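Everything numeric here is computed off the predicted structure, so don't read it as measured data.
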Amino acid sequence: LFGGLYDWYDPLTLLEALNTSELDHCELIFVKNPNPESTPQKRLEEVLAWCQKNQWSDDRLNLIDWTPYERRYDLLRDVDLMVATHADTFETNLSMRTRFIDAIAAGCPVISSAGGDASKLLVTYEAGTVVPNKDVPELRKALLAALSEEATTRLGIGSHNQAAFSSAFAWNKVIEPLIEFCDS
């Protein structure tokens with residue numbers, strides 16, 4: 001979300017997990033990078049080639065324009081689930097956290113690959129589902145559970161825990177050390 005398919009993402013595992021009759025009703029949304037001339041788009045090219053090879057219809061993959069930061073919640077409130085499959089890299093540790101915090105704050109259930117601080121926080125707070133990297137069967141199982149009729153609320157995965165997670169990372173909470181520093 002909110003920037004494109006960077007090299008540390010793993011969209012092919014997600015595509016493989018969705019490539020089953022049980023999930024053929026799902027629409028996958030990717031946000032296009034606003035600066036494709038300066039940001040490598042290898043992953044997007046791989047996704048498009050995979051979709052063509054596997055004969056995915058146009059209604060299964062939706063590439064939408066970049067969403068300005070102030071409108072990020074609009075998209076998160078309209079989707080059923082945010083999935084971020086990725087490699088466990090230095091880049092993942094730096095970049096993935098805000099996407100999850102935003103999704104959880106909007107009440108959007110999340111599924112992540114293992115690795116990086118974001119997945120550790122999801123496990124610690126039980127605020128989302130974390131699956132092993134490149135594990136198509138486990139990701140498919142998590143997708144089916146999150147999208148099933150038994151998902152009890154719009155918040156889906158651990159809504160009580162998502163509220164605790166959101167509270168712990170609210171601006172007024174995370175800025176306290178900076179305020180204390182400035183006051184001293």
I101 with L178, same ILVMFWY side-chain cluster at under 4.5 Å: no
side-chain contact (heavy atoms from CB on, under 4.5 Å) assessment of F30 paired with V47: CA-CA 10 Å; F30 286 126; V47 164; 3.9 Å; yes
Test item: S112 side-chain N/O and V130 main-chain N/O as donor-acceptor pair under 3.5 Å: no
Identified side-chain contact (heavy atoms from CB on, under 4.5 Å) counterpart of L143 within the set T129, V131, I111: I111
Transitive ILVMFWY side-chain link V136 to Y9, under 4.5 Å: no
side-chain contact (heavy atoms from CB on, under 4.5 Å) evaluation trace for V83 with L81: CA-CA 6 Å; V83 181; L81 181 64; 3.8 Å; yes
Smallest separation among heavy atoms of P132 and A114, with atom names: CA-CB, 4.4 Å
Heavy-atom side-chain contact between R140 and P137 under 4.5 Å: no
Pairing of K42 and E45 as salt bridge, 4.0 angstrom limit: no
Gap separating the CD atom of E37 from the CG atom of N35, nearest 0.5 angstrom: 5.5 Å
Distance (rounded to the nearest 0.5 Å) between D10 CG and K134 NZ: 4.0 Å
Distance, nearest 0.5 Å, that separates NZ of K141 from CG of D135: 9.0 Å
Heavy-atom check, side chain of L44 versus side chain of L63, under 4.5 Å: yes
Nearest heavy-atom neighbours spanning L76 and M82: CD2-SD, 4.5 Å
Nearest non-hydrogen partners of C51 and L61, listed with the distance: SG-CD2, 3.6 Å
Side-chain donor/acceptor of D88 to backbone N/O of G116, under 3.5 Å: yes
Joint cluster assignment, F181 & V174, ILVMFWY side-chain distance < 4.5 Å: no
Residue from R77, R71, E70 passing side-chain contact (heavy atoms from CB on, under 4.5 Å) with Y73: R77
Under 3.5 Å donor-acceptor pairs involving side-chain atoms of residues 15-29, not counting sequence neighbours:
residue : atom : partner : partner atom : Å
E16     : OE2  : W50     : NE1          : 2.9
N19     : OD1  : W56     : NE1          : 3.0
E27     : OE2  : N62     : ND2          : 2.8

Rounded distance [0.5 Å steps], CG in L75 versus CG in D102: 11.0 Å
Set of residues satisfying ring pair (Phe, Tyr, Trp, His ring centres under 6.0 Å) with respect to Y125, sequence neighbours excluded: F165, F169
S148 side-chain N/O to A145 backbone N/O, donor-acceptor pair under 3.5 Å: yes
More than 12 heavy atoms of other groups within 6.0 Å of E176 CD: yes
Least distance between heavy atoms, N172 atom then I175 atom: O-CG2, 3.9 Å
Spacing of C108 atom SG and F100 atom CZ [to the nearest 0.5 Å]: 10.5 Å
4.5 Å side-chain heavy-atom contact, N33 and L5: no
Reported CG-to-NE2 distance for the pair L14 and H86, which is rounded to 0.5 angstrom: 12.0 Å
